[in-house]
Amino acid sequence: MITFVRGGTVVSPTGSQLLDVLIDGESIVAVLQPGSTALAADLTESADAVVDASGKYVLPGGVDGHTHMEMPFGGTFASDTFETGTRAAAWGGTTTIVDFAIQTPGQRVQDTLAQWHEKAAGSCAIDYGFHQIIGDVDSDSLKAMSELVAEGVTSFKLFMAYPGVFYSDDGKILRAMQTAADTGALLMMHAENGIAIDVLIEQSIARGDTAPYFHGTSRPWQLEEEATHRAIMLANVTGAPLYVVHVSAKQALEQIARARGNGQNVFGETCPQYLYLSLEEQLGAPGFDGAKWVCSTPLRARAEGHQDELWRYLRTGDVSTVSTDHCPFCMKDQKELGIGDFSKIPNGIGSVEHRMDLMYQGVVSGKISLEKWVEVCCTTPARMFGMYPKKGIVSPGADADLVIYDPNGHTSIGLGKTHHMNMDYSAYEGFEIDGHVDTVISRGRVIVDDGEYRGSAGHGRFVKRSLAQNLL
Ligand code: URP
Ligand code: ZN
Ligand code: ZN
Ligand code: ZN
C-alpha cells in the first residue's frame, strides 16, 4: 500500500518546509521537494491513496510519554482502558503512548509488567510502550530493572510521595539510581516530599479544611522544590540520568535548570494542566467541583507566576517534554469518593486527547515556536524514551506515524460529547482551540480522517524501546 501525502508543510524541531511524504506500507520511504513535479504527478497517479495536505502542517505523530490507562488508585481504577484511552489519543493526534506498569510491595516486578502487557495487548489503537514503576526497591526489583531493559522497558519511575503506597526513602532511591547508572536506564522521579505532605494533609483535614482546594495548599511548592533538589543531588552522586515528571512549580524548574547548566543529565517534564490551569480558578471552584482538577503535583497559584515561568522554561529548553499524565477519573463514584475529605479524591486529570491542540495554542499566542511544539510533543519524548528515529520525526525509515494539522481549523473542548475519553466531564470545558487534527496515520494506516474514526483495537503494537543516547 503506497500513500502519498501532498502539499503540506512538514514540521520538525529544526525547521518547517513544504515537502511531500511517500509512505510504503508501515514506513516513510521518502520526503520529496514539491518542485519535482514529474515525480509528484507520477506518484499521485500511482499511489493507492493520496492525502491532500495543502495549507496544513504535517507533523510526526504525537508521543505522550506519560499515561495511566486503567491505573489502580485509591480503591478505584482510572476510567480509560487501553482501548478507550488510546482511541481518544488517536483522535487528538497522538500515535504513541508510554504507560506505567506498577509494582507495589510484595509483587514481583516481572509479574506486574506481564499484567500490563496483558491489559494492553490487542486493545490499543496506537503503538505503546511501558515504563516500570518500582514501588518496592529491594535486591529482586533491582535485578529486575536490568532484565526489563533487555525487554525494551528502559525507564523506571520512583516516588518521593505517597508514603505507604509507592514511596521510596532516599536509601532506596540511591540504590535504584545506582542500578540505572549501571544499566543506562532513565530514572524518572515523582518529586514531592510525601512525608511532610502527609502531615500537612492530616492537619488540614483536622482543621476542617476538607474541600478540594486544600489538596493544593497541603502540597506547597517548597516541598516540590526540596524533593526535586534532593533527587538531583542523589542522581549527581550516582551518575544516573534523571527525568523529573509532571513539574508544576517554577522553583523546581529553577533547580532543574541549574543542574542542567552544570552539565548534569537532568530533564523536566510538564503537562498542559500546569501551563493553563490554576489553584485559584480550578481547584478553588465552588463546592466540590475542584475535585475535577485534583492531581499531584497540584495545580499552582496563578498569582505566584508558575504558569508564565513554565512557558519560559519551555523556550529555554529546561522543560524537555510535555506529556499529559493522563489519569482520568469520573466525578460520579470516583472523584466523589473524596466528598468531605480531599485526601480520598483519586489523583489525576485526563487530557490525552487534547495535548497537541492545547500546546498548539502556545504557538498561536507566540509563547513557543511551531518547531518547539513538535520538539516537546513528538521528537524529544521519542528520543528520550529510546524510540527515535522510528518515532518522533518525519524522515525516511521512520514509522509512518503522521498528523495532518489544520491551523485554520477549530476545535471546541467540553460541553457534552466533544471528547472521546471515558470521562463524565472535561478538565478543559469551554476551551476554544485554534487548529484542528484533520488526519492521523499510524504505521501507514489512516486511523482518523475528517472527523471519522477508522482505527481498530489491536492495531497498536508494543514498542520495544532502546536506551536513550546522548541525553543532554
Ligand atoms: O495525580 C496524578 N499525577 N496521578 C497519576 C499518578 C502520578 O503520580 O503520576
Ligand atoms: Zn507522579
Ligand atoms: Zn503520572
Ligand atoms: Zn479541519
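Counting starts at 1 for both ligands and their atoms, in listed order. Note: hydrogens, waters and symmetry copies are ignored here, and every other heavy atom, side chains too, is used.
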| His66 near the Zn ion (ligand 3): N/O/S under 2.8 Å | yes

Can you tell me the protein heavy atom closest to [atom] and the distance?
atom	answer
atom 4 (N) of ligand 1	Asn347 O, 3.1 Å
atom 9 (O) of ligand 1	Lys157 NZ, 3.0 Å
atom 3 (N) of ligand 1	Asp325 OD2, 2.6 Å
atom 8 (O) of ligand 1	His190 ND1, 3.1 Å
atom 6 (C) of ligand 1	His68 NE2, 3.7 Å
atom 1 (O) of ligand 1	Ser296 N, 2.8 Å

| task | Measure the OG-CZ distance between Ser204 and Arg219 for me, rounded to the nearest 0.5 Å. | result |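 If we round to the nearest 0.5 Å, Ser204:OG and Arg219:CZ are 12.0 Å apart.
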
| query | Does Phe166 have a heavy atom less than 4.0 Å from any atom of ligand 1? | reply |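 No, Phe166 has no heavy atom closer than 4.0 Å to ligand 1.
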
| Under 2.8 Å: N/O/S of Ala161 next to the Zn ion (ligand 2) |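 Coordinating: no.
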
| message | Applying a heavy-atom cut-off of 4.0 Å, say which part of Phe73 lies close to ligand 1: side chain, backbone, both or neither. | response | neither

| field | Test: Arg230 and Glu226 ion pair at under 4.0 Å | value | yes

| task | Kindly indicate whether a cation-pi arrangement holds for Lys157 with Phe100, taking the cut-offs as under 6.0 Å to the six-membered ring centre and within 45° of the axis. | result | yes

